[in-house]
Novice: 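Supplied in C-alpha cells, the structure appears directly below.
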Amino acid sequence: MTRQVYFAEQALFPQGWKTNVRIEVENGLIHSLSSDASPEGATLLSGPTLPSLANLHSHAFQRAMAGMAEVSLNPNDSFWSWRDLMYKMVHKLTPDDVRIIATQLYIDMLKAGYTQVAEFNYLHHDPKGQTYHQLNEMGLQLAQAGDQAGLGVTLLPVLYSHSGFGGQAPNEGQARFINSTEQYLALHQASQDSLAGHKLHKMGVCFHSLRAVTQGQIQEVMAELGQASNKTMPIHIHIAEQQKEVRDSVAFSGQRPVQWLANEIGLDERWCLVHATHLDQNEVTAIAKSGAVAGLCPTTEANLGDGIFPGVDYIAQGGRWGIGSDSHVSLSLVEELRTLEYSQRFRDEQRNRLYKEGEHHVGDYLFQAARQGGNQACQVNLGLEIGNRADFMVLDNRHPFIAASKNEDLLNRWLFATNENLIRHVYVAGNQVINDFKHQAEAQSNLEFTALLKRLFN
Ligand code: NGQ
Ligand code: ZN
C-alpha cells in the first residue's frame, strides 16, 4: 500500500473553498479529507489547491498542425478547407509519430491542469487503409503516451464508415479511418482487452458523427456495447458543429442532428455531444433534460469558425457541459473557460452570462461545471471528495492575484485576469507529475517532438 499525506492552507471542494485542509491518499485514492486540520507530518502544498480537470475531447495528432492552418488560401476558407489540410497531414503519420506527438501533448496537458483526456481516436489504419498487425495499434500508442506522461486516457475508438448522411461512400482522405461495424466491434474488444485493469485509462464508445455512421450501425453498436456491465461506458459523437452539417441532416431525414439523435436513438447521461453548436430551442431542452454532456471546445470552435453555443439558455435549463481542447490550438483551461464566457458576451452585448442560482461568481461556476461535465464524459471522478482519485493542482502563490485574493475572488482573478500559466504543481493519483512547472520527461519529449515537426513541415 502506498500512502501520502498533503496539507493545503486553501483547497477547493465541490462545495467551495476550505482552509487548512489535510488530504490523505491511499493507493492513489483520497482516503480522508479534513479541514481546519493540522499539518503535522504532511507534505505542504505551497499554494491554493484545486482539483485538476478531465479534458473531454482530443484528437492528439492534430497538435502537430496547430497554428499551421492560419494562412488564407482562399477568401472562403472554412472548417472544410481546414479539414483538407488536416487530411494531408494524417496521411504522413506513423504509429511512432502519433506516440511522440501525444506524449508531448499529454505533458503539456498536465502542465495545463488536465489529468485525464478523452481521446477521440479515428486514425486506425495505415495510409492505404490496411489494418495494422495489432488491430488497436494507434490506441496502444496513445495509451503508451499517457503512461509516459502519467496522464489518464479515456480511449474512444471511433466508428467511421461513411463520408456523408445516408451511408455515402468514404472519400480518399478518409482511408485510414474506415471500419465496418463488425471490424469496429473487434477493434473495441481488442482495446478493452489491452486496457483492462489499467489504473488510469478508461474506455468509451464513439461514433464520429451522423455523417459517418448510419442509424443501423449506431443501434448495432449500442446493442453490443451498451449492455449490462458496460452500461456506464460514455458514448461520444461530434454533432451539429457546422451549419452545413445541419442542412445536410435536414435534407436527409427532415430533422436537425440533435433532434434526430434524441428522437431516433435517445439521449441519456452516457452521451457526450461534442460541439453541439447549432441548436434550436427544442434541442437545447432535449440535451439539458437528458443529462447528457455538451462537449464544448471553445478555442477550437473559435479557430474553425463554428459558431456560438447557446450557453445561457442551456445553463438556465440545467444543461451539463465540459471542456475539450480538441485540435489543441490552446492548452489552457483559462483560455477555454474565458473564451466560452466571452463568446456569450459578444453575442448578447452583456456581461456575466454563465452562472447559476447560488453561484454568481462566473469563474467558480465555470470551473465547477467543467469539472463535473469532464468527469461524466471521461468516466472519472476528479474533485476533493473521499474515494476519488487523488488528482489536484497547486496555483503559484507568488503571483499577487493568487496571493492576495479572498477565497471568493480567487478563481475570477485567475480565470479572467491572468495569462501566464500559474499551475505550479500537479498530482495524479497522489503522485507529483509536474513539479515547479516541469515534467521529468519533457527534455526528451521536446527533442523528439521538434525533430518530428521538422520532418513533417520543413
Ligand atoms: C475531426 N474536428 O474529426 O477531427 C473534426 C473534423 C470532421 C472537429 N470537428 C473532421 N473539430 O468533422 O469531419
Ligand atoms: Zn473532434
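For ligands, and for the atoms within them, numbers begin at 1 and follow the listed sequence.
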Novice: Any idea which protein heavy atom is nearest atom 12 (O) of ligand 1, and the distance to it?
Specialist: R211 NH2, 2.9 Å
Novice: Starting from atom 5 (C) of ligand 1, what is the nearest protein heavy atom, named by residue and atom, and what distance separates them?
Specialist: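 The closest one turns out to be H238 CE1, 4.0 Å.
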Novice: Output yes if H275 passes the N/O/S-under-2.8 Å test against the Zn ion (ligand 2); output no otherwise.
Specialist: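 False for H275.
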Novice: Decide, counting backbone as well as side-chain atoms, whether H59 has an N, O or S atom less than 2.8 Å from the Zn ion (ligand 2).
Specialist: yes
Novice: With rounding to the nearest 0.5 angstrom, report the CD1 to CD distance, I434 to Q440.
Specialist: 9.0 Å
Novice: Looking at M86, which atoms of ligand 1 are within less than 4.0 Å of one of its heavy atoms?
Specialist: 4 (O)
Novice: Which ligand 1 atoms are under 4.0 Å away from a heavy-atom of L304?
Specialist: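 What qualifies from ligand 1 is 11 (N).
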Novice: Can you label the angle between the H238 ring and the H57 ring as parallel, tilted or perpendicular, going by 30° and 60°?
Specialist: perpendicular
Novice: Give the contacting part of W82 toward ligand 1: side chain, backbone, both or neither, where contact means a heavy-atom distance below 4.0 Å.
Specialist: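 Under 4.0 Å from ligand 1, W82 contributes side-chain atoms alone.
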Novice: Do me a favour and list the nearest non-hydrogen protein atom to atom 10 (C) of ligand 1 with residue, atom name and distance?
Specialist: R83 CD, 3.4 Å
Novice: For ligand 1, note which part of Y122 has a heavy atom under 4.0 Å away: side chain, backbone, both or neither.
Specialist: side chain
Novice: Would one find an N or O of W80, backbone or side chain, under 3.5 Å from an N or O of ligand 1?
Specialist: no
Novice: So which heavy atom in the protein is nearest atom 8 (C) of ligand 1, and how far is it from that ligand atom?
Specialist: E241 OE1, 3.5 Å
Novice: On the 0 to 90° scale, with breaks at 30° and 60°, tag the H198-H201 ring pair as parallel, tilted or perpendicular.
Specialist: parallel
Novice: Where's the contact between D326 and ligand 1, heavy-atom distance under 4.0 Å: side chain, backbone, both or neither?
Specialist: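 Within the 4.0 Å criterion, D326 contacts ligand 1 through side-chain atoms alone.
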Novice: Taking the Zn ion (ligand 2) as the vertex, measure the angle between atom NE2 in H57 and atom NE2 in H238; round to 10°.
Specialist: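 That angle is 100°.
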Novice: Can E448 and Q444 be counted as having a side-chain donor-acceptor contact under 3.5 angstrom?
Specialist: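 The criterion, which ignores hydrogens and geometry beyond distance, is satisfied for Q444 and E448.
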Novice: Is it true that D348 and R353 make a salt bridge, defined as a side-chain N closer than 4.0 Å to a carboxylate O?
Specialist: yes
Novice: Establish, yes or no, whether a centroid distance under 6.0 Å links the rings of F177 and Y87.
Specialist: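 Between Y87 and F177, which both carry aromatic rings, the centre distance is below 6.0 Å.
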Novice: Angle between ring planes, Y427 versus H425, binned at 30° and 60°: parallel, tilted or perpendicular?
Specialist: perpendicular
Novice: Kindly confirm or rule out a cation-pi arrangement of R371 over Y114, judged by NZ or CZ under 6.0 Å from the six-membered ring centre and within 45° of its axis?
Specialist: no
Novice: Quick one: sort the F416 and Y342 rings into parallel, tilted or perpendicular, breaks at 30° and 60°.
Specialist: tilted
Novice: What are the atoms of ligand 1, with element, lying closer than 4.0 Å to any heavy atom of H208?
Specialist: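 Those atoms are 1 (C), 3 (O), 7 (C), 12 (O), 13 (O).
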